[in-house]
> 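Pasting a structure here, questions to come.
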Amino acid sequence: MKPLSSFLHQELIQYIYKSKEQGEESGRNITKLENLGFRVGQGLIENGNDTARFKDELDVMKFICKDFWTSVFRKQIDNLRTNHQGIYVLQDNTFQLLSQLSAGKQYLDQAPKYLAFTCGLVRGALFSLGVKSIVTAEVSTMPASKFQVMIQKM
């Protein structure tokens, strides 16, 4: 059974993309989804924030991959990599919000709209934890996804 958040996410995408029929461009819709995700990510962290336990940005990223991801998607990130220079790659091999699409390549062009909200979610959570970042996502094989987090010095 799908979690309620999957249904909510699907409805959110449909609602935002209905405005496309009225002449709005796709990039603008992705920005709207990312901004909504940012605000939700902020809210999720602000409700239970205890930033004193993090000694560095790696600890913050581990929190995002374990606790935060589990609270949102019911599983941890499958892999976290870093270059130790402010770039982190979070890999989810069975990203829940893409699993509703076919595993075929025909839906790869639809992936950005399913990832935009989550990019904002991560960016908003990090911002509330005192880490300014740029979060992007990519998909090469459905439903696996990689989220790249570039830390920006404040």
Side-chain angles (χ1 to χ4, degrees), residues 1-49 57 60-81 86-152 154:
M1 187 168 129
K2 280 183 167 179
L4 185 58
S5 61
S6 292
F7 291 114
L8 180 61
H9 185 258
Q10 183 68 30
E11 288 300 315
L12 180 63
I13 289 172
Q14 288 179 4
Y15 175 77
I16 295 290
Y17 271 79
K18 280 186 180 177
S19 63
K20 184 176 182 181
E21 298 166 2
Q22 299 164 353
E24 272 194 44
E25 58 193 64
S26 179
R28 197 171 186 175
N29 290 330
I30 287 176
T31 300
K32 283 181 184 179
L33 287 167
E34 201 269 344
N35 288 336
L36 284 168
F38 179 85
R39 188 60 205 118
V40 170
Q42 277 185 310
L44 288 172
I45 294 298
E46 288 171 0
N47 288 336
N49 190 359
E57 69 185 33
V60 172
M61 293 307 300
K62 287 178 182 177
F63 167 79
I64 293 294
C65 292
K66 292 179 182 177
D67 300 325
F68 182 76
W69 207 263
T70 299
S71 71
V72 176
F73 298 111
R74 297 185 184 170
K75 70 180 277 296
Q76 293 182 9
I77 279 288
D78 295 309
N79 194 353
L80 169 64
R81 293 188 178 162
I87 297 180
Y88 297 86
V89 177
L90 291 66
Q91 183 169 339
D92 188 332
N93 295 327
T94 54
F95 186 56
Q96 171 186 337
L97 300 178
L98 289 180
S99 61
Q100 61 210 14
L101 300 176
S102 170
K105 290 190 179 279
Q106 72 268 26
Y107 291 107
L108 279 176
D109 62 331
Q110 298 293 312
K113 67 183 178 184
Y114 288 89
L115 298 171
F117 182 82
T118 305
C119 287
L121 195 71
V122 171
R123 190 172 66 86
L126 288 169
F127 188 81
S128 287
L129 293 169
V131 178
K132 188 175 178 187
S133 64
I134 297 172
V135 181
T136 56
E138 67 179 53
V139 175
S140 55
T141 307
M142 298 282 242
S145 58
K146 290 182 182 179
F147 297 88
Q148 181 173 313
V149 179
M150 291 179 22
I151 305 299
Q152 298 179 309
M154 291 185 138

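In this chain, numbering begins with 1 at the start of the sequence shown. These numbers were taken from a predicted model, which means no experiment stands behind them.
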> Would you call the rings of F147 and F95 parallel, tilted or perpendicular, where under 30° means parallel and over 60° means perpendicular?
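If you compare the ring of F147 with that of F95, the planes turn out perpendicular.
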
> Measure the spacing between OG of S133 and CE of M61 and express it to the nearest 0.5 Å.
7.5 Å

> Between I30 and P112, which heavy-atom pair has the shortest distance, and what is it?
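The answer is CD1-CB, 3.8 Å.
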
> Kindly compute the distance separating CD (Q91) from OG (S145), expressed to the nearest 0.5 Å.
8.0 Å

> So T118 and W69, do their side chains get closer than 4.5 Å, heavy atoms only?
yes

> Using every non-hydrogen atom in the two residues, find where S140 and L108 come nearest and quote the distance to one decimal.
O-CD1, 4.0 Å

> Give, for atom OG of S128 and atom CZ of F38, the distance between the pair rounded to the nearest 0.5 Å.
7.0 Å

> Testing the basics here: between L115 and A137, what is the closest heavy-atom pair and its distance to 0.1 Å?
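Nearest heavy atoms, L115 then A137: CD1-CB, 3.7 Å.
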
> To the nearest 0.5 Å, tell me how far I45 CD1 sits from L126 CG.
8.0 Å

> Kindly give the heavy-atom pair with the smallest separation between A116 and L33, and that separation in Å.
CB-CB, 3.9 Å

> To the nearest 0.5 Å, what is the distance between OG1 (T94) and CE (M142)?
13.0 Å

> Please test L44 against L121 for side chain to side chain contact (heavy atoms under 4.5 Å, CB included), starting from the C-alpha separation and ending with a verdict.
CA-CA 9 Å; L44 288 172; L121 195 71; 4.1 Å; yes

> Do you see a donor-acceptor pair shorter than 3.5 Å between the side chains of D78 and Q76?
no

> Would you call D67 and K62 a salt bridge, using N to O less than 4.0 angstrom?
no

> Is there side-chain contact between I151 and V149, with heavy atoms separated by less than 4.5 Å?
yes

> Any heavy-atom pair between the side chains of E34 and R123 that's under 4.5 Å?
yes

> For the CD atom of Q148 and the CD1 atom of I87, what is their distance to the nearest 0.5 Å?
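Q148 atom CD to I87 atom CD1 measures 5.5 Å (nearest 0.5 Å).
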
> When you compare the side chain of F73 with that of L97, does any pair of heavy atoms fall below 4.5 Å?
yes

> Can you tell me if K66 has over 12 outside heavy atoms packed within less than 6.0 Å of its NZ?
no

> Might you confirm whether atom NZ of K113 has over 12 heavy atoms from other residues, nucleotides or ligands at distances under 6.0 Å?
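Yes, because the 6.0 Å sphere around NZ of K113 holds more than 12 heavy atoms from other groups.
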
> Is the shortest side-chain heavy-atom distance between N79 and K146 below 4.5 Å?
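With C-beta onward as the side chain, the pair stays apart.
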
> I'd like to check Q42 versus F127 (side-chain heavy atoms, cut-off strictly below 4.5 Å). Are they in contact?
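Yes, close enough: below the 4.5 Å cut-off.
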
> Work out which heavy atom in F117 is nearest to a heavy atom in L36; give both atom names and the distance.
CE1-C, 3.8 Å

